[in-house]
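Have a look at the structure below before the remarks.
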Amino acid sequence: TCTVYPSNNHNTTVTIHGFGFEEGAVLHSNNETLDPLYNVYVDEGWISLTLYAGHFSGNAHGKQYELRVENPDGKMSNSKNLTIYSNRCP
């Protein structure tokens, strides 16, 4: 599990490490495909995910997002949970 405390009203970038990612891969959050503007393919070992202020919300107890990567051939990665808190005092 990855825990993120985004700055108020600022975008936060998260790096997803793995292997076998392909150009054109897309991210899924809680079984929904994210708009490609959220992710950038970097290389076969990692993808960058931007958490735009207001699009990924958290709360004081932590809100979980299950993330998966889907390659253009339809193969899905294992999932990884991302927890977002709205402040540093859960």
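Please read these numbers as outputs of a predicted model, since none were measured by experiment.
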Straight-line distance of K63 NZ to T83 OG1, nearest 0.5 Å: 12.0 Å
Exceeds 12 heavy-atom contacts within 6.0 angstrom, atom CG of N31: no
Exceeds 12 heavy-atom contacts within 6.0 angstrom, atom CG of D43: yes
Gap separating the CG atom of L51 from the OH atom of Y65, nearest 0.5 angstrom: 8.5 Å
Nearest-0.5 Å distance that lies between atom CZ in F21 and atom CG in N39: 10.5 Å
Closest heavy-atom pair and its distance - P72, E22: CD-OE1, 3.5 Å
Step-by-step side-chain contact (heavy atoms from CB on, under 4.5 Å) determination, L49 to L34: CA-CA 10 Å; L49 167 65; L34 292 178; 4.0 Å; yes
In one Ile/Leu/Val/Met/Phe/Trp/Tyr side-chain cluster, 4.5 Å: V14, L67: yes
Test side chain to side chain contact (heavy atoms under 4.5 Å, CB included) applied to I47 and V40, L27, V42, the passing residue: L27
Hphob cluster co-occupancy, L82 + M76, side-chain heavy atoms under 4.5 angstrom: no
Gap separating the CD atom of E70 from the NZ atom of K75, nearest 0.5 angstrom: 12.0 Å
Contact summary for N71 and G20, nearest pair of heavy atoms: ND2-O, 2.9 Å
Atom of H17, atom of W46 and distance for their closest heavy-atom approach: ND1-CB, 4.0 Å
Under 3.5 Å donor-acceptor, N30 side chain and E66 backbone: yes
